[in-house]
Amino acid sequence: MSTYVYGIIAGERADLPEHLNGVGENPLRVLRAGALAAVVSDAPEGLRPKRRELLAHQNVLAEVGAEGCVLPMRFGSVAPDDTSVTDVLAERAEHYEERLRALDGRVEYNVKANHVEEAVLHHVMASNPEVRALAEANRKSGGGSYDDKIRLGEMVAGAVRAQESQDGAVVQRALEPAADAVSVGPESTGWLANVSFLVERDAAGTFMAAVDRVREDMPHLEVRLNGPLPPYSFVEPGPAEPAGTTAGGADAGAG
């Protein structure tokens with residue numbers, strides 16, 4: 001039976017929350033190696049990122065994290081057996097112990113932003129004299145020639161792309177002072193910013209207030225905040241490999 005890994009905790013944390021099961025309703029257990037331990041269960045056969053299993057994974061991390069720092073693993077992290085887990089804990093003990101100290105009392109917030117289409121077009125027109133002048137010239141000439149319309153469309157598209165790059169940097173700079181660390185996520189269609197921030201749990205209100213200021217200062221953006229989450233983006237891969245291309249890598253906490 002392979003071993004499903006939820007997260008890494010300090011070895012002295014002997015007890016898990018009562019009546020807490022993991023994916024596949026499998027009972028949890030703790031594997032210890034020196035000053036570290038891993039929260040694990042048996043891995044169910046045919047594991048898939050279905051809602052029930054994603055929520056089970058997330059619930060384990062939330063419950064364990066409420067009682068102390070946990071280094072979270074992504075959904076679908078499966079090792080061949082218990083020994084493989086404890087071997088990696090021993091081999092990388094210094095790294096995991098440092099991460100537990102660094103992440104203690106901290107949570108992750110993920111911020112995604114994109115443009116509100118109509119609002120950003122108004123913004124581009126207002127801030128770009130060349131685009132505004134061509135649009136006005138086309139309007140006065142009854143819409144402009146075919147070539148003029150093509151040129152205006154290309155200019156607007158280029159201005160929007162430039163605005164995306166600029167706005168993504170502005171969002172990150174505005175929120176960095178309220179966080180202890182920053183992790184830039186992969187680019188994805190529709191988002192001009194996808195950034196995770198490591199925030200002290202007690203300072204979460206300050207961070208959320210900074211997000212609200214970004215929304216007020218940049219009304220042409222849709223800004224989505226997800227959190228608090230376990231600090232997925234600030235832990236290197238743990239003592240397991242993803243369970244496969246279907247389940248592996250799915251993030252129980254991502255929004």
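Any value given below was found using the heavy atoms of this structure, including those in side chains, with hydrogens, waters and symmetry copies removed. All residue numbers refer to positions in the sequence shown, counting from 1.
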Using a 3.5 Å cut-off and no angle test, enumerate the donor-acceptor pairs between side-chain atoms of residues 202-218 and protein atoms at least two apart in sequence or in another chain.
| from | atom 1 | to | atom 2 | distance (Å) |
| --- | --- | --- | --- | --- |
| D212 | OD1 | R215 | NH1 | 3.2 |
| R215 | NE | V223 | O | 3.2 |
| R215 | NH2 | V223 | O | 2.9 |

Original post:
Does the pair L221 and L192 meet the rule for a side chain to side chain contact (heavy atoms under 4.5 Å, CB included), with working shown?
Top reply: CA-CA 10 Å; L221 293 184; L192 58 88; 3.8 Å; yes

**OP:** Could you walk me through whether V39 and I9 pass side chain to side chain contact (heavy atoms under 4.5 Å, CB included), step by step?
**Re:** CA-CA 7 Å; V39 179; I9 58 176; 3.9 Å; yes

**OP:** Tell me, please, which residues at least two apart from S233 pass side chain to side chain contact (heavy atoms under 4.5 Å, CB included).
**Re:**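 Side chain to side chain contact (heavy atoms under 4.5 Å, CB included) check on S233 returns R74, E108, S183, S196.
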
At their closest point, which heavy atom of [X] faces which heavy atom of [Y], and how far apart are they?
X	Y	value
C69	L100	SG-O, 3.6 Å
Y232	L61	OH-CD1, 3.2 Å
A37	L89	C-CD1, 4.0 Å
G76	Y4	N-OH, 3.0 Å
V60	N21	CG2-O, 3.6 Å
P231	V235	O-CG2, 3.4 Å

Original post:
Would you say the side-chain atoms of K112 and N114 include a donor-acceptor pair closer than 3.5 Å?
Top reply: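 There is no such pair (donor and acceptor under 3.5 Å, judged by atom type) between the side chains of K112 and N114.
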
Original post:
In terms of side-chain geometry, is the basic nitrogen of R51 or E53 positioned less than 4.0 Å from the acidic oxygen of its partner?
Top reply: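 Between E53 and R51 there is no salt bridge, as every charged N stays at least 4.0 Å from the carboxylate O atoms.
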
Subject >> side-chain contact (heavy atoms from CB on, under 4.5 Å) partner of Y109, chosen from L229, L175, V199 >> reply: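 Single pass found, and it is V199.
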
Would you please name every residue forming a side-chain hydrogen bond (donor to acceptor under 3.5 Å, both in side chains) with [X], sequence neighbours left out?
X	answer
D180	R106
D81	S84
D167	H115, Q163, H220

Original post:
Are side-chain heavy atoms of N194 and V184 found at a separation under 4.5 Å?
Top reply: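 With C-beta onward as the side chain, the pair stays apart.
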
Subject >> CA sep, side-chain torsions, deciding dist, call: R52, V23, side chain to side chain contact (heavy atoms under 4.5 Å, CB included) >> reply: CA-CA 8 Å; R52 181 181 63 183; V23 296; over 6 Å; no

I'd like to know if the side chain of [X] and the backbone of [Y] have a donor-acceptor N/O pair within less than 3.5 Å.
X	Y	answer
H57	M73	yes
Y6	F75	no
N26	D42	yes

Could you state the interatomic distance from [atom1] ([X]) to [atom2] ([Y]), rounded to the nearest 0.5 Å?
X	Y	atom1	atom2	answer
T3	L31	OG1	CG	6.5 Å
R92	E98	CZ	CD	11.0 Å
L36	E94	CG	CD	11.5 Å

Original post:
Would L225 and V182 show up in the same hydrophobic cluster when neighbours are defined by side-chain heavy atoms closer than 4.5 Å?
Top reply: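 Yes, because L225 and V182 connect within a single hydrophobic cluster, where side-chain heavy atoms sit under 4.5 Å apart.
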
Subject >> ring pair (Phe, Tyr, Trp, His ring centres under 6.0 Å) partners of residues 21-51, not counting sequence neighbours, each pair once >> reply: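 Every candidate ring pair (Phe, Tyr, Trp, His ring centres under 6.0 Å) pair involving residues 21-51 fails, so no pair, neighbours aside, qualifies.
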
Subject >> Cation over ring face, R99 and Y96, 6.0 Å, 45° >> reply: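 No, cation not above the ring by the 6.0 Å, 45° rule.
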
**OP:** Carefully, step by step, assess V40 and L28 under the rule side chain to side chain contact (heavy atoms under 4.5 Å, CB included).
**Re:** CA-CA 6 Å; V40 306; L28 301 178; over 6 Å; no

Original post:
Would you say E25 has more than 12 foreign heavy atoms packed within less than 6.0 Å of its CD?
Top reply: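 No - once you tally the heavy atoms of other residues, nucleotides and ligands closer than 6.0 Å, there are 12 at most.
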
